Engineer: 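First, the structure itself, so that you have it in front of you.
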Amino acid sequence: MDTSNPAAFVNGESIRLYVGRKVRVVVQVIQSDGGSLIGKSTDDHQLVIKGSPPTQPLTKYVEAIGIAESNQSIRAEIMTNFGDNFDPQNYNQLCQLANGEYKHLFI
C-alpha cells in the first residue's frame, strides 16, 4: 500500500481546503453520462466527478479518489461502487473528524 500521497477524507464543505491535492469522497449518484457523474456529497453539496466510472453498473453510492480540481469537482483516478445501503451521516462525521481536531490522525 502506497502511503506517500494519502487522500484526504472530504465532504462538500471541506473539499475547498484541498484543491489541487488528492482527496476521497463518497457521493450519492444523481446523474452519470459515462465520462463524468454528478453526485450529492454526504453534507448535501453537488459535486462533479470526472473520470471513468466503474465497469459495473453504478450503485446508489460511489467513492471517488482523485485530485480536487475546484471546490465542486474532482478528477477521479479511481471510482468504487459503495452499494445502495450506505450511511452518509457516518461518513460525514468521519470527514468532520478528519478535518477537525483529529486531523493529525488522518494525514
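Predicted, not measured: the structure shown is a model, and the values here were computed from it.
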Engineer: State whether the side chain of Asp43 and the backbone N or O of Glu13 hold a donor-acceptor pair below 3.5 Å, judged by distance alone.
Structural biologist: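 Checked: pair present.
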
Engineer: Please give me the minimum heavy-atom distance between Ala64 and Ala76, naming the atom from each residue.
Structural biologist: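 Closest heavy-atom pair between Ala64 and Ala76: CB-CB, 4.2 Å.
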
Engineer: Measure the shortest side-chain to side-chain distance between Glu77 and Ile67 over non-hydrogen atoms and say whether it is less than 4.5 angstrom.
Structural biologist: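 A side-chain contact under 4.5 Å exists here.
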
Engineer: Can you give me the closest heavy-atom contact between Gly51 and Arg75, atom names plus distance?
Structural biologist: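 Scanning both residues completely, I find the closest heavy atoms to be N-NH1, 4.1 Å.
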
Engineer: Looking at every heavy atom in both Lys22 and Ile65, which two are closest together, and how far apart are they?
Structural biologist: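 Nearest heavy atoms, Lys22 then Ile65: CE-CG2, 3.8 Å.
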
Engineer: Contact between Lys40 and His45 at the side-chain level, heavy atoms closer than 4.5 Å - yes or no?
Structural biologist: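 Not in contact.
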
Engineer: With rounding to the nearest 0.5 Å, note down the distance linking CD in Gln28 to CG in Asp44.
Structural biologist: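 Output value for this atom pair is 9.0 Å.
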
Engineer: Just verifying a value: how many Å separate Asn92 CG and Ser14 OG, rounded to the nearest 0.5 Å?
Structural biologist: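 Going from CG on Asn92 over to OG on Ser14, the span is 8.5 Å.
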
Engineer: How long is the straight-line distance from OG of Ser41 back to CD1 of Ile15, given to the nearest 0.5 Å?
Structural biologist: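 Ile15 atom CD1 to Ser41 atom OG measures 8.5 Å (nearest 0.5 Å).
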
Engineer: List the atom of Val27, the atom of Leu37, and the distance in Å for their closest heavy-atom pair.
Structural biologist: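 So the minimum-distance heavy-atom pair works out to CG2-CD1, 4.0 Å.
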
Engineer: Are Lys50 and Ser73 close enough that some pair of their side-chain heavy atoms sits under 4.5 Å apart?
Structural biologist: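 With C-beta onward as the side chain, the pair touches.
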
Engineer: Counting only heavy atoms not in Asn85, do more than 12 fall under 6.0 Å of its CG?
Structural biologist: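 At most 12 heavy atoms, drawn from other residues, nucleotides or ligands, come within 6.0 Å of this atom.
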
Engineer: With a 4.5 Å heavy-atom cut-off, do Glu69 and Ile74 have their side chains touching?
Structural biologist: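 Side chain of Glu69 against side chain of Ile74, heavy atoms only: no contact under 4.5 Å found.
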
Engineer: Is the distance from the ring center of Phe82 to that of Tyr61 below 6.0 Å?
Structural biologist: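 No, too far apart.
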
Engineer: Nearest 0.5 angstrom please: Leu58 CG to Asp84 CG, how far?
Structural biologist: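 It is 10.5 Å, given to the nearest 0.5 Å.
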
Engineer: For the residue pair Tyr91 and Phe86, does the interplanar ring angle fall in the parallel (under 30°), tilted (30 to 60°) or perpendicular (over 60°) class?
Structural biologist: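 Because their plane-to-plane angle lies in the 30° to 60° range, the rings of Tyr91 and Phe86 count as tilted.
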
Engineer: Mind checking whether Gln72 and Arg16 have side chains closer than 4.5 Å, heavy atoms only?
Structural biologist: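 No. Closest side-chain heavy atoms not under 4.5 Å.
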
Engineer: To the nearest 0.5 Å, what is the distance between OG1 (Thr42) and CG (Asn90)?
Structural biologist: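 It is 10.0 Å, given to the nearest 0.5 Å.
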
Engineer: Under the 3.5 angstrom rule, does the side chain of Asn81 hit a backbone N or O of Thr59 as a donor-acceptor pair?
Structural biologist: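 Pair found, side chain donor or acceptor close to backbone of Thr59.
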
Engineer: Of the options Val10, Val62, Asn11, which is the one that meets Val25 in a side chain to side chain contact (heavy atoms under 4.5 Å, CB included)?
Structural biologist: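 Option passing the side chain to side chain contact (heavy atoms under 4.5 Å, CB included) with Val25: Val10.
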
Engineer: In the single-linkage hydrophobic clustering (I, L, V, M, F, W, Y; side-chain heavy atoms under 4.5 Å), do Phe9 and Tyr102 co-cluster?
Structural biologist: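 In one cluster with Phe9: Tyr102, yes.
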
Engineer: Decide whether Tyr18 and Asn99 meet the rule of one side-chain donor and one side-chain acceptor closer than 3.5 Å.
Structural biologist: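 Yes, Asn99 and Tyr18 have a side-chain donor paired with an acceptor closer than 3.5 Å.
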
Engineer: CD/Gln31 to CD1/Ile38 distance, rounded to the nearest 0.5 angstrom?
Structural biologist: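 Between Gln31 CD and Ile38 CD1, I get 4.5 Å after rounding to 0.5 Å.
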
Engineer: With a 4.5 Å cut-off on side-chain heavy atoms, are Met79 and Ile49 touching?
Structural biologist: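 With C-beta onward as the side chain, the pair touches.
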
